[in-house]
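So the structure is just underneath, and the comments pick up after that.
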Protein chains: 2
Amino acid sequence: MIEIGEVTVPAATVSRLPYYLRALRDLLRDGVTTTSSSALAERSGVGSAQLRKDLSYLGSFGTRGVGYEVETLASSISTALGLGSEHRLAIVGVGNLGNALANYSGYAARGFRLVALIDADPDVVGRRAAGLEVEHSDRLEEILAARGVSMVILATPGAAAQAVAERIVECGVREILSFSPVALQLPDDVVVRSVDVAGELQILAFHAAARHAQEGATVDGRTAPAATAR
Amino acid sequence: MIEIGEVTVPAATVSRLPYYLRALRDLLRDGVTTTSSSALAERSGVGSAQLRKDLSYLGSFGTRGVGYEVETLASSISTALGLGSEHRLAIVGVGNLGNALANYSGYAARGFRLVALIDADPDVVGRRAAGLEVEHSDRLEEILAARGVSMVILATPGAAAQAVAERIVECGVREILSFSPVALQLPDDVVVRSVDVAGELQILAFHAAARHAQEGATVDGRTAPAATAR
DNA sequence: CGTTGTGAACAGGTTCACAGCA
DNA sequence: TGCTGTGAACCTGTTCACAACG
């Protein structure tokens, strides 16, 4: 649970707000002005009760018997998410993935501004992407301070991640989105969201194995790749 | 909860198995042969009770008073995750992100084999990445069938995602890792894991807003500037 | 002894079902 | 009438604390 102002919002709710916001923006684009919890929930991939309960943590935005005004609700969620103020973003680690993330075009529309690209590899330093030049990580502290960076996307190799993260935190950054597959040890007040592509694939592999185990069992009784039983 | 063989494993547990596996591989690399639940938990970023409970769903792997043998445990988890058999992988949508994902080098080591790159853009078709040539999505069904693809990474623009996903499912693929920021409407037996970079940033923004609201409130009631430590 | 494996207590999140209201 | 907002019931997952045991 996360406190904001005098309200408390469950972490699970916060993690769904971006879905609602996206669905609302799609509706706006399509010229829809009013929607209902069930219609919006379907677009967001959740249940309608879930959606209403989530919104109830932020306030009361709908009209009973009618539904929600798309534009109003979108801006309310947007405000709750803190997208009113601009967040200045740096990408540290500009390999394949960091480069792809730099070229992502959706930052500005969502209140983020990419202001620095940083890497340790001399071959990468000096390259340009997204209108920025990649700068050397020796100057990391200087750059983060000068550009007023408040959020960092960390896309370094795993071996470098912990050390770099510590330097970043030392600069006062408290929100990090990490793509490095390591559990970062950082002070409690630092928020780290972690995206791990290989891990996601492994989770899918587990589901595949479960499916095959079941089919194997029901179809012909032979063992499919399964858990080492107890 | 997910059934595999005669065992039932909570989804939350499955989502942590990759962390444990990674930590174990790091230990192996460092030549460590034995570890304890608390040491392994620390490396994985979870509590030790959590780790032991998670492992208990898969079986009993440790020695009381001693701990776990790193290699044995790693291979047990690996088997549970279905990484024994090879999973044939296609990337659909080879833009910035798809390209970066194609160049990721860790697939083979984790039991995945990238066997096709597919895109709808004629400018992209024909390019090479990771030893493969990008092929046109007109031939998607043909390619997935011929290569025995069982898992797909979907990295198309949002507008195309739903339609492409339906074609993929039609080919018998039941595990999809999507990077497109839309809630895919697919049959219940299809497992979709979704990674949304913009969404993750928005969640971080919420945390930043919460932090500022608190500081602003306690400091002087006005909105506080940047997060200079607490 | 020291560490695992696990029942039992707890916490958090989801779903239900309906009262409240335009 | 129909949809929102929400207390209460339910369910899932986490943490505690200790018995089991090499």
Side-chain angles (χ1 to χ4, degrees), chain A residues 1-3 7-17 19-20 23-24 27 32-70 72-74 76-77 80 183 188 203 206 227-230, chain B residues 1-3 7-17 19-20 23-24 27 32-70 72-74 76-77 80 183 188 203 206:
Chain A
M1 52 284 160
I2 303 161
E3 279 182 46
V7 195
T8 278
V9 184
T13 293
V14 173
S15 72
R16 281 186 296 266
L17 293 179
Y19 299 145
Y20 303 152
L24 286 165
L27 288 171
V32 178
T33 60
T34 296
T35 189
S36 69
S37 65
S38 48
L40 186 55
E42 180 161 3
R43 280 201 179 236
S44 313
V46 305
S48 67
Q50 177 92 265
L51 173 85
R52 293 200 301 279
K53 169 107 345 190
D54 282 342
L55 293 183
S56 79
Y57 291 112
L58 302 178
S60 179
F61 307 104
T63 309
R64 291 168 202 240
V66 179
Y68 302 93
E69 220 199 309
V70 176
T72 314
L73 184 55
S76 298
I77 294 179
D188 285 351
I203 293 168
F206 184 93
T228 335
R230 100 183 20 226
Chain B
M1 52 284 159
I2 302 162
E3 278 181 48
V7 197
T8 279
V9 184
T13 292
V14 173
S15 72
R16 282 185 295 266
L17 294 178
Y19 299 145
Y20 304 152
L24 286 165
L27 287 171
V32 177
T33 59
T34 296
T35 189
S36 68
S37 66
S38 48
L40 186 55
E42 179 161 4
R43 281 200 178 235
S44 313
V46 305
S48 67
Q50 177 92 265
L51 175 95
R52 292 199 302 278
K53 168 105 356 195
D54 282 342
L55 293 182
S56 79
Y57 291 113
L58 302 179
S60 180
F61 307 103
T63 310
R64 291 170 201 240
V66 178
Y68 303 92
E69 220 200 307
V70 175
T72 313
L73 184 56
S76 298
I77 294 179
D188 285 351
I203 293 168
F206 184 94

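Each chain gets a letter, A, B and so on, in the order the sequences are listed, and its residues count up from 1.
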* Stepwise, does the side-chain contact (heavy atoms from CB on, under 4.5 Å) test hold for I77(A) with L55(A)? -> CA-CA 9 Å; I77(A) 294 179; L55(A) 293 183; 4.0 Å; yes

Let me know the distance between [atom1] of [X] and [atom2] of [N], rounded to the nearest Å.
X	N	atom1	atom2	answer
M1(B)	dG13(C)	CE	C1'	14 Å
E69(B)	dT3(C)	CD	P	17 Å
L51(B)	dG13(D)	CG	P	17 Å

* Asked: Quick one: side-chain hydrogen bond (donor to acceptor under 3.5 Å, both in side chains) pairs with a partner in residues 56-69 of chain A, sequence neighbours left out?
  -> E69(A)-T72(A)

Listed by chain and number, what are the side-chain hydrogen bond (donor to acceptor under 3.5 Å, both in side chains) partners of [X], not counting sequence neighbours?
X	answer
T13(B)	D54(B)
S36(B)	S38(B)
S15(B)	none

* Asked: What's the verdict on side-chain contact (heavy atoms from CB on, under 4.5 Å) for V7(A) and L58(A), showing C-alpha distance, side-chain angles and the deciding distance?
  -> CA-CA 7 Å; V7(A) 195; L58(A) 302 178; over 6 Å; no

Return all side-chain donor-acceptor pairs below 3.5 angstrom for residues 41-53 of chain A, not counting sequence neighbours, or 'none' if the list is empty.
{"unit_1": "S44(A)", "atom_1": "OG", "unit_2": "L40(A)", "atom_2": "O", "d": "2.7"}
{"unit_1": "Q50(A)", "atom_1": "OE1", "unit_2": "R16(A)", "atom_2": "NH2", "d": "3.0"}
{"unit_1": "R52(A)", "atom_1": "NH1", "unit_2": "S37(A)", "atom_2": "OG", "d": "3.1"}

* Asked: Should Q50(B) be listed as having a side-chain N or O under 4.0 Å from OP1 or OP2 of dG13(D)?
  -> no

* Kindly write out the residues that satisfy side chain to side chain contact (heavy atoms under 4.5 Å, CB included) with T8(B), not counting sequence neighbours, or none if the list is empty. =>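 Expected list: M1(B), E3(B).
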
What pairs of nitrogen or oxygen atoms, one from the protein and one from nucleotides 4-7 of chain D, lie under 3.5 Å apart?
{"unit_1": "dT4(D)", "atom_1": "OP1", "unit_2": "S37(A)", "atom_2": "N", "d": "2.6"}
{"unit_1": "dT4(D)", "atom_1": "OP2", "unit_2": "S37(A)", "atom_2": "OG", "d": "2.7"}
{"unit_1": "dT4(D)", "atom_1": "O2", "unit_2": "R64(A)", "atom_2": "NH1", "d": "3.2"}
{"unit_1": "dG5(D)", "atom_1": "OP1", "unit_2": "S60(A)", "atom_2": "OG", "d": "2.9"}
{"unit_1": "dG5(D)", "atom_1": "OP1", "unit_2": "F61(A)", "atom_2": "N", "d": "3.1"}
{"unit_1": "dG5(D)", "atom_1": "OP1", "unit_2": "G62(A)", "atom_2": "N", "d": "2.8"}
{"unit_1": "dG5(D)", "atom_1": "OP2", "unit_2": "Y68(A)", "atom_2": "OH", "d": "2.8"}
{"unit_1": "dG5(D)", "atom_1": "O4'", "unit_2": "R64(A)", "atom_2": "NH2", "d": "3.3"}
{"unit_1": "dG5(D)", "atom_1": "N7", "unit_2": "R52(A)", "atom_2": "NE", "d": "2.8"}
{"unit_1": "dG5(D)", "atom_1": "O6", "unit_2": "R52(A)", "atom_2": "NH2", "d": "3.0"}
{"unit_1": "dG7(D)", "atom_1": "N7", "unit_2": "K53(A)", "atom_2": "NZ", "d": "3.4"}

* Structure fact -> DNA chain D in dot-bracket form (Watson-Crick or G-U pairs under 3.5 Å, [ ] crossing, | inter-strand) is ||||||||||||||||||||||

